[in-house]
Amino acid sequence: MNNLLNFLFRYRGILVFAVLEVLSLYLLVRNSSYQRAAFFNSSNAYVGQVLDWRNQVQDYFRLIDVNRELMHENARLRQQLYPPDLSRRQADSLPVSKDSVTQARLALLGRPDSLLLGLRQLAAHDPDYPLIPARVVSSTQRRVDNYLTLNVGTANGVKPGMGVVSAEGVVGRVKVASEHYTTITSVLHSKSTISARIQRDGTIGTIRWLGDDPTHVLLDNVPRQNKLVRGDTVVTSGYNAVFPEGVRIGTIESFVKEPDKNFWTVQVRLAVDFSRLTYVYLVTSRPKAERDTVEVRAGIKPEAEERP
């Protein structure tokens, strides 16, 4: 202990200078949007390279799990090549339509639409939304603002603002990209919002994360007069063209009526397990630029935007 105190006393000037220097840099980056963007861009490539080396070592010991995940994903993708055999499905598997007879039957059943509809989990076959495959080299789940780092960058066609999905559902949105690495804002981010809808009846809402449980999010702006069913599938609405319409977000787990609000408080279990996320796809939205230009000229703001 005496040696430690002597060391601190001897180098107190240098230590105080170092602490003040780090504090000043932190305040500069935190309070200046330009410096913050420059810091993200410059550090992204170096951090990504180090994380990539670390993951190369870890990959060797996780080959069995990775191969198992790839096998399941290939099975799901291959299943999408075959049309569903509706003739052999039961009455509770009828597809949803707009006619009154079907709607009345669904109201009587009161069953979640994941049983009524769910075969396709990833609606990314639209030619306007080609996919760029990528691997997660780093991720966080326990912070208020969580990010993921991917092993693709501008050399692969990645641009800021692109949506990111996995075989299970929505993952996040690109924040910054260097030549070979990309940092994305996760769904588990305090400022991330996603325009969503309930697949069974088309009810529109907004997905946001409260910053505590990495397996659940809230579905906001659902009117109290709308009927909800536990197990209903929540998907992207396609309103802002970042994600294809119909990409799975999760399923409704619980909902309550707050006495002082006109909307349901809806808890949604995420389809994506961020603790085991390995492979993702970046969505190249062809119609997004044209839609954004038209909406800006008209002075229209999208229903919900994934940000930051």
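FYI, the numbering just counts along the sequence from 1.
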(request) Say whether, by atom type as modelled, one donor and one acceptor occur between the side chain of T236 and the main chain of P244 under 3.5 angstrom. (result)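 Judged by distance alone, yes, a pair lies under 3.5 Å.
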
(request) Mark yes or no for whether N151, through its side chain, and R135, through its backbone, hold a donor-acceptor pair below 3.5 Å. (result)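 It does hold such a pair.
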
(request) Quick one: which residue pairs count as a side-chain hydrogen bond (donor to acceptor under 3.5 Å, both in side chains) with a foot in residues 14-27, not counting sequence neighbours? (result)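 For residues 14-27: Y26-R30.
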
Residues two or more places apart in sequence or in another chain: which of them pass side-chain contact (heavy atoms from CB on, under 4.5 Å) with [X]?
X    : result
S254 : Q267
R269 : T215, H216, T251, E253
Q225 : P223
R10  : none

(request) Please write out which residues are connected to F9 in a hydrophobic cluster, directly or through intermediates, given that two of Ile, Leu, Val, Met, Phe, Trp, Tyr count as joined at side-chain heavy-atom separations below 4.5 angstrom. (result)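 Joined to F9, directly or through intermediates: none.
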
(message) Starting from V19 and following side-chain heavy-atom contacts under 4.5 Å between hydrophobic residues (I, L, V, M, F, W, Y), which residues can be reached?
(response)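 Listed partners: none, V19 stands alone.
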
(message) Surrounding NZ of K257 (heavy atoms of other residues, nucleotides or ligands, distance under 6.0 Å), is the total greater than 12?
(response)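 It does: K257 NZ has more than 12 such atoms within range.
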
Report the residues that fulfil ring pair (Phe, Tyr, Trp, His ring centres under 6.0 Å) with [X], sequence neighbours left out, ordered by chain and then residue number.
X    : result
F274 : none
F17  : none
F263 : none
W209 : none

(message) Less than 3.5 Å apart, any donor N or O on the side chain of T149 or S138 sitting next to an acceptor on the other?
(response)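 Side-chain D/A pair, T149 to S138: absent.
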
(message) My understanding is that only residues two or more places apart in sequence, or in another chain, count here; which of them pass side chain to side chain donor-acceptor pair (under 3.5 Å) with T154?
(response)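 Not a single residue meets the side chain to side chain donor-acceptor pair (under 3.5 Å) criterion with T154.
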
